[in-house]
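One structure is given below, encoded as structure tokens.
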Amino acid sequence: MHFSDILIRWYSKYKRELPWRNTTSPYHIWLSEIILQQTKVAQGLDYYNKFIDQYPTIEDLANETEDNVLKLWQGLGYYSRARNLHTTAKVISTELNGTFPVTYDEIIKLKGIGAYTAAAISSFCFGEKKAVVDGNVYRVLSRYFGINTPIDSTIGKKEFQELAQECLSIENPGEYNQAIMEFGALQCTPNPNCEVCPLREPCNAYENSMVKALPVKEKKIKVKDRYFNFIVIGDNESFYIQKREAKDIWQNLYQFPLNESKKEVVSPFELKDSILNQAVFLRVSEQFKHLLSHQRIYAKFWEFNLAEMSPLKGFKKIKKRNIQEFAVPRLIQKYLESVKN
DNA sequence: GATCCGTGGCA
DNA sequence: TTGCCAAGGAT
């Protein structure tokens, strides 16, 4: 039996039942694909249901504010996905007559949609013969064919894209694309059980004991340390927050006024910020260690009391209990939970 | 084209 | 604890 036939047969037997399966609605497929970028099903499933519940159509999503879209996305990470999702919904609504484009070449023009997602949507919804290449596909193909070209190199991406296209089932490209990804997610995992694999016999990596060594990555990510000093300042009822507008992590999410330092701050007198004029220091939180893919953030929350809270440019004065209406990073959310008791 | 963008689970 | 990984894309 052919490679693609084995995968499709395996898929029909072992695939998970998921809310975005068994539909060809481009909106539903699109939303699920954006949510699942660099994200496990278990982590994204609730978000998908929340979004479909809150925004049943592209039109509903387009009519929402970005702040509220980000609020619903809060906690999922990679927030540019939410901003681009919203931008694209508005483009479809206003420039494309509310109709999702139906070809790969048109779909890939949309913001937040690259080669993978365009191939996924066009093949799942419209039967276009475009092979998806994601982390699962790299793993399955590199092992089955015994390819050690680094998957994070330009030449490697090109090589695997072409190989994937050659393997694609012409009869049912959408089904095949879903099958090879599900196979990578459930069977051909980073640490697989090859004894129950239907492709074990002809698998090059299995024959050569190279399963754990593939696929090959050549680049290692550099992690930099940052020290965040959040100023939690206000009276009994209210405090100030600000929107992160810089081109940095957590863009367009909200936080407390921030002083970033080059090393750990140990005394409130080291904090230099005009917002602290006439403020009375109350306490400092424990140090929070927050890990991101490229950063280690060490954060402290410095709490101050302020008798008179006049309007401040660049800051919003809000009731403390209303903070839950704003999208905040997980780090801020964890601090808020720590002081709720 | 190398780097950046989150979060959580797991060995 | 640390590193790696997960249905990638933008710059």
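Naming convention: chains lettered A, B, ... in sequence-line order (proteins, then strands); numbering from 1 in each chain.
- Taking atom CD of residue A:Gln161 and atom P of nucleotide C:dG9, one finds them 10 Å apart after rounding to whole Å.
- The OG atom of A:Ser80 lies 8.5 Å from the CD atom of A:Gln251; values are rounded to the nearest 0.5 Å.
- One atom, CG of A:Asp152, and another, P of C:dC4, lie 12 Å apart when rounded to the nearest Å.
- Nucleic acid contact for A:Trp20: base, since at least one base atom lies under 4.0 Å from a heavy atom of the residue.
- The distance between atom CD1 of A:Ile107 and atom P of C:dG8, rounded to the nearest whole Å, is 17 Å.
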Item to check | Under 4.0 Å protein heavy-atom contact, by nucleotide of nucleotides 3-11 of chain B - B base, S sugar-phosphate only | outcome: SBBBBB---
Give the table of side-chain donor-acceptor pairs shorter than 3.5 Å for residues 195-203 of chain A, with sequence neighbours excluded, one pair per line with atom names and distance.
{"residue": "A:Arg200", "atom": "NH1", "partner": "A:Cys194", "partner atom": "O", "Å": "3.4"}
{"residue": "A:Arg200", "atom": "NH1", "partner": "A:Glu195", "partner atom": "O", "Å": "2.6"}

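- Between C:dG9 and B:dG8, the two P atoms lie 23 Å apart (nearest whole Å).
- Only A:Ile113, A:Gly114, A:Ala115, A:Tyr116, A:Thr117, A:Asp134, A:Gly135, A:Asn136, A:Arg139, listed by number, bring a heavy atom of residues 113-139 of chain A to less than 4.0 angstrom from any atom of DNA chain C.
- Between the C1' atoms of B:dT3 and C:dA7, the separation comes to 22 Å (whole Å).
- Heavy-atom distances to DNA chain C give each of A:Arg21 and A:Ile108 a nearest nucleotide, and the one nearer the 5′ end belongs to A:Arg21.
- For the residue pair A:Gln333/A:Gln74, the side-chain donor-acceptor check at 3.5 Å is satisfied.
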Item to check | CA sep, side-chain torsions, deciding dist, call: A:Phe301, A:Phe288, ring pair (Phe, Tyr, Trp, His ring centres under 6.0 Å) | outcome: CA-CA 9 Å; A:Phe301 295 81; A:Phe288 289 73; 5.4 Å; yes
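- Using a 4.0 Å cut-off between charged nitrogen and carboxylate oxygen, A:Glu337 and A:Lys340 do not count as a salt-bridge pair.
- In this entry the distance linking CD1 of A:Ile221 with P of B:dG1 reads 22 Å, nearest Å.
- Using cut-offs of 30° and 60° on the angle between ring planes, the pair A:Tyr227 and A:Tyr298 is parallel.
- One interatomic measurement links the two molecules: CD of A:Gln187 to C1' of C:dA7, which rounds to 18 Å at whole-angstrom precision.
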Item to check | Trace of the side chain to side chain contact (heavy atoms under 4.5 Å, CB included) decision for A:Gln37 with A:Tyr78 | outcome: CA-CA 9 Å; A:Gln37 286 171 5; A:Tyr78 283 155; over 6 Å; no
Item to check | Worked verdict on A:Tyr335 versus A:Phe230 for ring pair (Phe, Tyr, Trp, His ring centres under 6.0 Å) | outcome: CA-CA 10 Å; A:Tyr335 163 74; A:Phe230 290 108; 8.3 Å; no
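- A straight line from CD of A:Glu218 to P of B:dG1 spans 13 Å, rounded to a whole angstrom.
- Between A:Lys109 atom NZ and C:dG9 atom P there is a gap of 17 Å when expressed in whole angstrom units.
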Item to check | Step-by-step ring pair (Phe, Tyr, Trp, His ring centres under 6.0 Å) determination, A:Phe239 to A:Phe256 | outcome: CA-CA 8 Å; A:Phe239 49 34; A:Phe256 298 107; 5.1 Å; yes
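- Distance A:Leu110 CG to C:dG9 P: 12 Å, rounded to the nearest Å.
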